[in-house]
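Let me begin by presenting the structure, written as structure tokens, before commenting on it.
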Amino acid sequence: MSTSEKSKKTRVQFATRLGVIATTVGSAVGLGNIWRFPYEAGTHGGGAFMLCYIFFIFIIGVPVICAEFLMGRGTRSNIFGAYRKLAPKGKWFYAGYMGILASILILSFYSVVAGWTLEYFVQSVSGSLDLASMEEYHARFDEFSTGNWRPVLWTLIFLTLNFLILVRGVTKGIERMSNILMPVLFVILLIFCINSLTLPGAGEGLRFLFHPDFSKIDSGVMLGAMGQAFFSLSLGLGCMTTYASYFSDSTRLAKSAVITASLDTAVAFLAGIVIFPAVFTFGFSPAAGPTLVFEVLPSIFHSLPLGAVWSSLFFFLLLLASLTSTISMSEISIAFFVEEKKMSRRSATVLNTGLAAVFGVLCALSFGCLGDFKLFGLTVFNLFDYVSSNILLPIGGMITSIFVGWFVDRRFVRDQLTDFGSFRLKMLGVIVFCLRYVAPVCILLVFLNSIGLIQL
Ligand code: PFF
């Protein structure tokens, strides 16, 4: 029996084609779109950021997703196994360690924000989130996030939920949940969009988001947009490789990559269209940072009829969207511990959750009693966020694109992307060109620009 036949027998696979899209979109869509995208766009000047973001998503993101997909499906392995099978003598697999580090750092701060979502869900259901003014919403979030024990408790509760779903295995829980969840979240966002477009600050909000001021494009904007693109697409750390290892042989990889990137971007844009008109209507600062969405959204719900119902529903869906993302990022290290270190699935999940719990508590406290503890001028939360999204993920993406573009057998790449020649893929040449030249060069230039070695 060949290796691939053997692994096909021992590894589970996603049951349906819809399941493939729903799960990869489930991984991509999460707090990155609804919480991180608006705050990054807000702190980086709106339109200028958007322009760079679109470039990074489609010119770099899509080819790199294809690369991760073909590595995972072609080898039916986690990120380490994939590098090892494709380059048995090389040292490429070291990139896998970076992916695992990034996944744990992200899981830690992500769980804190998911914990905020839990708190706001509970407050919505109990009706205590119905406040009178923007100042009160600001004060409410401030009081909660600096209060130490509640953010810590919610972080740990969220990680426990994540743990419970993970020990049940890959396909069942995730697939069923994301199949139902994603369309509902999309429709709700559409409804909120329509509402936001009727607010008095709608014009100003849309101008902020969609009218690029080219003079604002600087190294920080480019680095921020690149990091956000990688973060939002769950890219550069082996997540898509791990998921693709569960794809069936008939999954069309390039098409799935384009659909995933498009839907993910659509959700982020919808979130932007919901948030920014409200930011300008209610007098918030677009550059408020990580707390922005948790102050603006409740103000929007307050202005709606049946606000508490919308608010409860929204935070509940956001929580589920976060879970489908944390499940996917946890799966990176769990697949590694199980397949490479021969641990049981349960021990691997305990280890993953334990590490994230320790770091997550530090991140949660960095809004409270650890607020003054800074490394490189950043709190623990901001440091984890910055290092993983703006540094580790783009480096991971660069390594993946160089590896697949230059070192993996051309035939293997073509066979994976065209199902062994069963259809003609017009984009094939473009994807390979982007992987060989565009992606590595652009990522390198953004890095060199941000450390001041060159001026773009
Ligand atoms: N893409 C997710 C989001 O936008 O919320 C976050 C994420 C998931 C990042 C999985 C990395 C990852 F491996």
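- Ring orientation note: the planes of Tyr53 and Phe49 are close to parallel, at an angle under 30° on the 30°/60° scale.
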- Item | Verdict with supporting geometry, Phe37 and Ser232, side-chain contact (heavy atoms from CB on, under 4.5 Å) | CA-CA 8 Å; Phe37 173 80; Ser232 195; over 6 Å; no

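- Ser366 OG to Asn382 CG: the interatomic distance, rounded to the nearest 0.5 Å, is 6.5 Å.
- For the atom pair OG1 (Thr349) and CD1 (Ile165), the distance works out to 12.0 Å, reported to the nearest 0.5 Å.
- Here the straight-line distance linking atom CG of Asp419 with atom CZ of Arg252 works out to 6.0 Å at 0.5 Å rounding.
- The two residues Tyr243 and Thr324 have their closest heavy-atom pair at OH-O, 4.3 Å.
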Show every donor-acceptor pair shorter than 3.5 Å between a side-chain atom in residues 94-116 and any protein atom, with sequence neighbours excluded, or say none if there are none.
unit_1 : atom_1 : unit_2 : atom_2 : d
Ser103 : OG     : Ile100 : O      : 2.8
Ser108 : OG     : Ile104 : O      : 2.6
Tyr110 : OH     : Leu31  : N      : 2.8
Tyr110 : OH     : Ser325 : OG     : 3.4
Ser111 : OG     : Leu107 : O      : 2.6

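- Two residues are said to be in side-chain contact when any heavy atoms from C-beta on lie closer than 4.5 Å; Trp310 and Ile188 meet this criterion.
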- Derivation and outcome, side-chain contact (heavy atoms from CB on, under 4.5 Å), residues Asp264 and Val25: CA-CA 7 Å; Asp264 184 67; Val25 174; over 6 Å; no

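- Here the side chains of Asn78 and Ile332 are not in contact, with every heavy-atom distance at 4.5 Å or above.
- Looking at every heavy atom in both residues, Asn33 comes nearest to Ala28 through OD1-O, 3.1 Å.
- For Phe93, the CZ atom sits in a packed shell: over 12 heavy atoms of surrounding residues, nucleotides or ligands are nearer than 6.0 Å.
- Nearest heavy-atom pair, Ala278 versus Leu199, reported as atom, atom and distance to 0.1 Å: CA-CD1, 3.9 Å.
- Shortest non-hydrogen contact noted between Gly205 and Phe280 is CA-CD1, 3.5 Å.
- A donor-acceptor pair under 3.5 Å is formed between the side chain of Gln228 and the backbone N or O of Gly32.
- Of the listed residues (Tyr120, Tyr39, Phe121), just one forms a ring-ring contact (aromatic ring centres under 6.0 Å, His included) with Phe294, and that residue is Tyr120.
- Salt bridge status for Asp249 with Arg76: present, with a side-chain N to carboxylate O gap under 4.0 Å.
- The main-chain N or O of Thr241 is never found under 3.5 Å from a side-chain atom of Arg73 such that the two would form a donor-acceptor pair.
- Although no hydrogens or angles enter the test, the distance criterion places a donor-acceptor pair under 3.5 Å between the side chain of Glu68 and the main chain of Met240.
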- Report the C-alpha distance between Leu166 and Arg345 in whole Å, list the side-chain angles of each, state the deciding distance to 0.1 Å, and finish with yes or no for side-chain contact (heavy atoms from CB on, under 4.5 Å). CA-CA 9 Å; Leu166 280 165; Arg345 188 170 171 89; 4.1 Å; yes

- Would you check, one step at a time, whether the test side-chain contact (heavy atoms from CB on, under 4.5 Å) holds for Val361 with Thr155? CA-CA 7 Å; Val361 168; Thr155 304; 5.7 Å; no

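- Residues Phe214 and Leu51 have side chains in contact (heavy-atom distance under 4.5 Å, counting atoms from C-beta outward).
- Put simply, CD1 on Ile275 and CD1 on Ile300 are 5.0 Å apart, with the number rounded to the nearest 0.5 Å.
- Atoms CE and CG, from Met226 and Leu393 in turn, are 9.5 Å apart once rounded to the nearest 0.5 Å.
- Side-chain contact check for Arg84 versus Thr75: every heavy-atom pair is 4.5 Å or farther apart.
- Pairs engaging residues 435-456 under the ring-ring contact (aromatic ring centres under 6.0 Å, His included) rule: Trp406-Tyr437, Phe433-Tyr437 [sequence neighbours left out].
- Using a 4.5 Å heavy-atom cutoff, the side chains of Ser322 and Trp35 are not in contact.
- A pairwise comparison of heavy atoms in Ser388 and Pro394 identifies O-CD, 4.4 Å as the closest pair.
- For Ser27, the side chain to side chain donor-acceptor pair (under 3.5 Å) partners at least two apart in sequence or on another chain are Ser234, Ser328.
- Ring orientation note: the planes of Phe247 and Phe69 are nearly perpendicular, at an angle over 60° on the 30°/60° scale.
- Looking at every heavy atom in both residues, Thr117 comes nearest to Leu319 through CG2-N, 3.9 Å.
- Here the side chain of Lys216 pairs no donor or acceptor atom with the backbone of Gly45 at under 3.5 angstrom.
- A side chain to side chain contact (heavy atoms under 4.5 Å, CB included) with Leu70 holds for exactly one of Val413, Leu86, Ile65; it is Val413.
- At distances below 3.5 Å, at least one donor-acceptor pair connects side-chain atoms of Thr326 with backbone N or O atoms of Leu323.
- At least one side-chain heavy atom of Leu206 sits less than 4.5 Å from a side-chain heavy atom of Leu197.
- With Asn390 contributing its side chain and Val387 its backbone, the two residues share no donor-acceptor pair below 3.5 Å.
- Within 6.0 Å of CZ on Phe423 lie more than 12 heavy atoms contributed by other residues, nucleotides or ligands.
- The CG atom of Asn352 sits 10.0 Å away from the CE atom of Met329 when rounded to the nearest 0.5 Å.
- Note: Phe301 and Phe315 have perpendicular aromatic rings, judged against thresholds of 30 and 60 degrees for the angle between ring planes.
- The ring of Phe376 has its center no closer than 6.0 angstrom to the ring center of Tyr386.
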